[in-house]
Amino acid sequence: MFTENKKRILAKEDFDLLTNYLKHNRAAAVDEKNSAVIRLIETAQLVDDADFPWEVVQLNSKVIIRDKIARLNYTYIVVMPELADHKQCKVSAFSTIGSALLGHSRGHDIFWSTPKGRRHFTIMAVSQYAF
């Protein structure tokens, strides 16, 4: 997964949830697919929940992204792994797309390689989703 070179931020509450998940799920902590989230946890700037900018993707954010090549919009909600549900467009923070979105804000470009080639997206909108 690759993203623009912009400092990513993470809410302290999200930081606690993600690190506790990794502590209690040793398999997830050593899974190479989760290296992007682990790197985010290690390098992100932590921000108090009350001061967290509304336009930055965090856990439970509803995000609209636009495929820059196909020119299609997709809507996802970034959640913890146990709440992920493809039919409801809820993606795990530990998935490729979830980890790419976390900490980025509206207007940022993100991209990563897939078996079908490199995918390029722009974050079009971010809103906080309440369960």
Side-chain angles (χ1 to χ4, degrees):
M1 182 231 8
F2 301 95
T3 59
E4 286 185 338
N5 272 341
K6 294 186 179 179
K7 183 74 172 176
R8 294 168 75 178
I9 65 172
L10 194 59
K12 288 183 179 177
E13 183 178 331
D14 292 354
F15 173 84
D16 292 340
L17 287 170
L18 295 169
T19 53
N20 283 333
Y21 180 83
L22 289 170
K23 284 179 188 175
H24 292 94
N25 295 286
R26 294 214 179 262
V30 297
D31 190 343
E32 189 176 310
K33 293 184 292 186
N34 294 331
S35 64
V37 174
I38 294 168
R39 192 169 41 257
L40 172 62
I41 291 169
E42 293 171 346
T43 61
Q45 174 186 346
L46 297 182
V47 177
D48 287 323
D49 299 333
D51 298 326
F52 199 80
W54 63 270
E55 73 274 5
V56 176
V57 180
Q58 64 185 77
L59 286 174
N60 302 321
S61 288
K62 185 175 186 177
V63 185
I64 299 172
I65 59 174
R66 182 163 182 85
D67 186 318
K68 294 178 83 170
I69 297 169
R71 297 180 183 250
L72 296 171
N73 289 352
Y74 300 95
T75 302
Y76 297 105
I77 300 168
V78 181
V79 296
M80 290 298 290
E82 61 272 10
L83 299 175
D85 183 349
H86 181 69
K87 290 181 182 180
Q88 294 181 357
C89 298
K90 293 180 179 178
V91 296
S92 167
F94 290 89
S95 68
T96 304
I97 193 163
S99 61
L101 290 169
L102 275 176
H104 282 291
S105 64
R106 182 174 47 116
H108 282 190
D109 290 333
I110 57 174
F111 55 95
W112 63 88
S113 296
T114 69
K116 293 184 178 184
R118 185 172 267 181
R119 304 285 308 266
H120 297 262
F121 295 93
T122 299
I123 300 174
M124 303 300 290
V126 178
S127 60
Q128 302 314 314
Y129 183 79
F131 285 99

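One-based numbering along the sequence shown.
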Apply side-chain hydrogen bond (donor to acceptor under 3.5 Å, both in side chains) to [X] and list each qualifying residue two or more places apart in sequence or on a separate chain.
| X | result |
| --- | --- |
| Asp67 | Arg119 |
| Ser61 | Gln128 |
| Ser127 | none |
| Glu13 | none |

Nearest 0.5 Å, what's the [atom1]-[atom2] distance between [X] and [Y]?
| X | Y | atom1 | atom2 | answer |
| --- | --- | --- | --- | --- |
| Leu46 | Asp16 | CG | CG | 8.5 Å |
| Thr19 | Glu42 | OG1 | CD | 11.5 Å |
| Ile65 | Ile110 | CD1 | CD1 | 5.5 Å |

Quiz item: Other than Val56, what residues sit in its cluster of Ile, Leu, Val, Met, Phe, Trp and Tyr side chains whose heavy atoms are under 4.5 Å apart, directly or through others?
Solution: Ile9, Val47, Phe52

Self-check item: Hydrophobic cluster partners of Ile64 (side-chain heavy atoms under 4.5 Å)
Solution: Met124

Self-check item: Residues in salt bridge (Lys or Arg N to Asp or Glu O under 4.0 Å) contact with Arg106, at least two apart in sequence or another chain
Solution: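 With neighbours one apart ignored, the set is empty.
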
Self-check item: Contacts of type salt bridge (Lys or Arg N to Asp or Glu O under 4.0 Å), residue Asp48, not counting sequence neighbours
Solution: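 For Asp48 the salt bridge (Lys or Arg N to Asp or Glu O under 4.0 Å) partners, ignoring immediate neighbours, are Lys12.
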
Show me the side-chain donor-acceptor pairs of residues 68-85 shorter than 3.5 Å, one per line, residues at least two apart or across chains.
from  : atom 1 : to     : atom 2 : distance (Å)
Lys68 : NZ     : Asp109 : OD2    : 3.2
Asn73 : OD1    : Arg66  : NH1    : 2.9
Asp85 : OD1    : Lys87  : N      : 3.1

Contact summary for [X] and [Y], nearest pair of heavy atoms:
| X | Y | result |
| --- | --- | --- |
| Ala93 | Leu102 | CB-CD1, 3.7 Å |
| His24 | Asn20 | ND1-O, 2.8 Å |
| Val57 | Leu101 | CB-O, 3.3 Å |

Quiz item: If we only count heavy atoms from C-beta on, is the Phe15 to Ile41 side-chain gap below 4.5 Å?
Solution: yes

Quiz item: Out of curiosity, does Val126 fall in the hydrophobic cluster containing Trp54 (side-chain heavy atoms, cut-off under 4.5 Å, transitive links)?
Solution: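 Shared cluster, no.
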
